[in-house]
Undergrad: 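Following this message is one structure expressed as structure tokens.
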Protein chains: 2
Amino acid sequence: MSNVPSLPVTPRESTADSVSGQENSEARERVLAAAYDLFSHKGVRGVGVDSIIASAGVAKRTFYRHFRAKENLVLAFLQRREQLWTMGWLEAEVTNRAAAPEQRLLAIFEVFDDWFRRDDFEGCSFINVLLETAEPGNHVRQASATHLARIRDFLQRLAEDAGISQPDDFARKWHILMKGSIVAAGEGDQLAARRAREIGLTLLRAEGVKVSRQGDGKRPLAERPISTHHRPVTLSSNAVPSKKT
Amino acid sequence: MSNVPSLPVTPRESTADSVSGQENSEARERVLAAAYDLFSHKGVRGVGVDSIIASAGVAKRTFYRHFRAKENLVLAFLQRREQLWTMGWLEAEVTNRAAAPEQRLLAIFEVFDDWFRRDDFEGCSFINVLLETAEPGNHVRQASATHLARIRDFLQRLAEDAGISQPDDFARKWHILMKGSIVAAGEGDQLAARRAREIGLTLLRAEGVKVSRQGDGKRPLAERPISTHHRPVTLSSNAVPSKKT
DNA sequence: AAACGGGTATACCGCTCTGTCTACCTTCGG
DNA sequence: CCGAAGGTAGACAGAGCGGTATACCCGTTT
């Protein structure tokens, strides 16, 4: 049973790993959910396979039946992070909060503002993994870069919709603001999102975009039904919680 | 005997670690120099004590005579990074390239532009260490945050000199641009520094600062005597290079 | 009924890492 | 001359890591 697994276990999450071709196992899902929590908060190098299987309540053999090696789990984690965080949370939340493209760009930092205030703020897993993996050729590192690029694609689409002349350059600039504010938040600056928003505002205006002020500070924040943050409903502290969490 | 050690071995680098009170040993200096290269390029978690002592050509016993534990070496490394990178390179280079405070702020990104193009670009060790150390209370993590704050102090001084109204807020914003561009460069965007510079320019103007254009693009780059980059003259590939570098 | 696929539990291997310990060598000052 | 300080070399302990192997259990399918 276990209350509501993070993802409905439905379809193939791509990159075939499972031995017999079926990646929709319950055990696999528990592992992935446990890995999501642990990896996103403690980093992929800081969490061992033993911790994950203990937290997932799964046998080691079962783990290695679904993932050839730890690296494969990490790659699967990054993909799930994109589903849950990038798409299921950030993009959804932004799209929900504003309609005009330039307002959506600004809304990113309003979403970040809430995020940075969370006591269990984890930072951006893509950045974290990228930076804790030194070797340039690494699979995991490249995957992180790809997922970051996909965030940039979202920004670029918004820039195009806003009629900005050089959407790629603009998206990369906006991404610099996002990444910079995330690192600043990790450093402890809880106001980082507001600062980044202000920079973004001047940047938009310099770009010739007319941005109708609907609150320079906080948003009206009427109804916002989505998102209980991008965290999957973690399976309630299963089984042996391992020794040294 | 070993060509020009990175620092003249002269005075106390604070935080007494050495057993008998003298931290000006030659062996200690070799260790610190080796650690600087390895840590800054491969991360502090990715480099073991064995690699360091092999690269430094020093016995293990000697290492532990000077550093109670690896953590103490890491802290010493961060301090040296501040001396060599923050002060000896970034601040010196910026101060050398421009005189007016607003020009110095912009010069940061011109210095970064050169830096990002290096093939052995290592990123900001303070950010790297901060992000690869998950636990919030950690000594090393806090030390990294402190060193980052000291960079911000430099920015704040420049902001004050430029007559900017809220220097702390401005410094934090500028730092967001710096950190964001560094991460972007780590991701592979070699133009990140120029993008950040452009953002900074609009930000300065929005702040009411008159910035006389002396080249919107590249600088005149006349004489610039300082800096062969912040890298200490690494002791030429000493001793046993260990097995698996 | 038998076979099989997937799950559990646990021991184990080999490697790496931090840190200690033994033993010897060199230099230098009283 | 001798002893202490600081150095070298290398074995070693103990822990954690990723990954494998053994043995058993259970439900479904054939």
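Sequence lines set the chain letters: A, B, ... in the order given, protein chains first and strands last, and positions in each chain run from 1.
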Undergrad: Between C1' on D:dC17 and CZ on B:R45, what's the gap in Å once rounded to a whole number?
TA: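 It is 12 Å, rounded to the nearest whole Å.
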Undergrad: For the side chain of A:T62, counting heavy atoms from C-beta on, which of D:dT8, C:dT18, C:dT8 is nearest?
TA: C:dT8
Undergrad: My understanding is that only one of B:F39, B:F77, B:W115 makes a ring pair (Phe, Tyr, Trp, His ring centres under 6.0 Å) with B:W85; could you say which?
TA: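 By the ring pair (Phe, Tyr, Trp, His ring centres under 6.0 Å) criterion, B:W85 pairs with just one of B:F39, B:F77, B:W115: B:W115.
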Undergrad: Just to confirm, is there a sub-4.0 Å distance from OP1 or OP2 of C:dG6 to any side-chain nitrogen or oxygen of A:S25?
TA: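 No.
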Undergrad: Provide, to the nearest angstrom, the distance between the NZ atom belonging to A:K70 and the P atom belonging to C:dT16.
TA: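 That distance rounds to 16 Å.
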Undergrad: Among B:I127, B:I151, B:L148, find the residue that satisfies the side-chain contact (heavy atoms from CB on, under 4.5 Å) test when tested with B:M178.
TA: B:I151
Undergrad: Could you give the CZ-to-P distance, from A:R61 to C:dT10, as a whole number of Å?
TA: 16 Å
Undergrad: Choosing from C:dT18, D:dT20, D:dG6, which nucleotide comes nearest the side chain of A:Y64?
TA: D:dT20
Undergrad: Tell me whether B:D168 is salt-bridged to B:R152, with the criterion being a basic N under 4.0 Å from an acidic carboxylate O.
TA: no
Undergrad: Return the value, rounded to whole Å, for the distance between atom CZ of A:F63 and atom P of D:dG19.
TA: 8 Å
Undergrad: Rounded to whole angstroms, how far apart are NE2 on A:H66 and C1' on C:dG6?
TA: 8 Å
Undergrad: Both A:K60 and B:A59 contact DNA chain D. Which one's nearest nucleotide lies toward the 5' end?
TA: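 Closer to the 5' end of DNA chain D: B:A59.
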Undergrad: In whole angstrom, what separates A:R30's CZ from C:dG7's P?
TA: 11 Å
Undergrad: Given atom CD1 of A:I53 and atom P of C:dG7, what is their separation to the nearest angstrom?
TA: 14 Å
Undergrad: I'd like to know if A:R118 and A:D114 make a salt bridge, using a cut-off of under 4.0 Å between side-chain N and carboxylate O.
TA: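 No salt bridge links A:R118 with A:D114.
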Undergrad: Can you tell me how far P of D:dA11 sits from CG of B:D50, to the nearest Å?
TA: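 Rounded to the whole Å, the gap is 13 Å.
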Undergrad: From C-beta outward on A:V58, which listed nucleotide comes closest to its side chain: C:dT8, C:dA11, C:dT20?
TA: C:dT8
